[in-house]
Amino acid sequence: QVQLVESGGGSVQAGGSLRLSCAASRYIYSTYCMGWFRQAPGKEREGVATIDSDGSASYGGSVKGRFTISQDNAIFTAYLQMNSLKPEDTAMYYCAAVKRIWNGGRWHCGLEYAGWGQGTQVTVSS
């Protein structure tokens, strides 16, 4: 069954905003960090953001200051607020379950994905 379902993508002009949503299952949400990555045609996937259960967030350098990841623990949903969009942000955006790693006596969101959704297309025109 589908356990990660993205929505909210679309077409927007440069400088505009979009808010993506990701509905997860209870199990996925509680087991993994939630994250977003994107992939444009001909390019490798690029990590966009991750968020841990305590709300701590990390971002890829290209989106820092423009994107915000958040979550609603009551409904197992993650969000990606994207502001000041640029044409280079055009990509398929995927919600992902991010594996945790144990390091330094603490759990951290890692870089490996346990799974991801079907994706939602974001197109930014100039």
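Taking the side-chain hydrogen bond (donor to acceptor under 3.5 Å, both in side chains) definition, one finds that S62 meets it with R38, E46, sequence neighbours left out. The side chain to side chain contact (heavy atoms under 4.5 Å, CB included) search around F76 returns R26, Y29, not counting sequence neighbours. Partners of S56 according to the side-chain hydrogen bond (donor to acceptor under 3.5 Å, both in side chains) rule, which considers only residues two or more places apart in sequence or in another chain, are D54. With sequence neighbours left out, T68 forms a side chain to side chain contact (heavy atoms under 4.5 Å, CB included) with Y59, Q81. R66 pairs by the side-chain hydrogen bond (donor to acceptor under 3.5 Å, both in side chains) definition with D89, not counting sequence neighbours.
Grouping Ile, Leu, Val, Met, Phe, Trp and Tyr by side-chain contacts under 4.5 Å, direct or through others, leaves I101 on its own.
Closest approach of A57 to I69, counting heavy atoms only: CB-CG2, 3.6 Å.
Classified by interplanar angle (parallel below 30°, tilted 30° to 60°, perpendicular above 60°), the ring pair Y32/Y27 is perpendicular.
For residues 37-79, there are no disulfide bond (SG atoms under 2.5 Å apart) pairs, not counting sequence neighbours. Residue pairs satisfying the disulfide bond (SG atoms under 2.5 Å apart) criterion with at least one member in residues 55-106, sequence neighbours excluded, are listed as follows: C22-C95.
When atom types are taken as modelled, the side chain of T120 and the backbone of Y93 share no donor-acceptor pair closer than 3.5 angstrom.
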N/O donor-acceptor pairs under 3.5 Å from side chains in residues 102-116, not counting sequence neighbours:
{"residue": "H108", "atom": "NE2", "partner": "N103", "partner atom": "O", "Å": "3.1"}
{"residue": "E112", "atom": "OE2", "partner": "K99", "partner atom": "NZ", "Å": "3.0"}

Throw together a table of side-chain donor-acceptor distances under 3.5 angstrom for residues 13-21, partners on residues two or more places apart or in other chains.
{"residue": "S17", "atom": "OG", "partner": "N83", "partner atom": "OD1", "Å": "2.9"}

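Considering only heavy atoms from C-beta on, Y94 stays 4.5 Å or farther from Q118 through its side chain.
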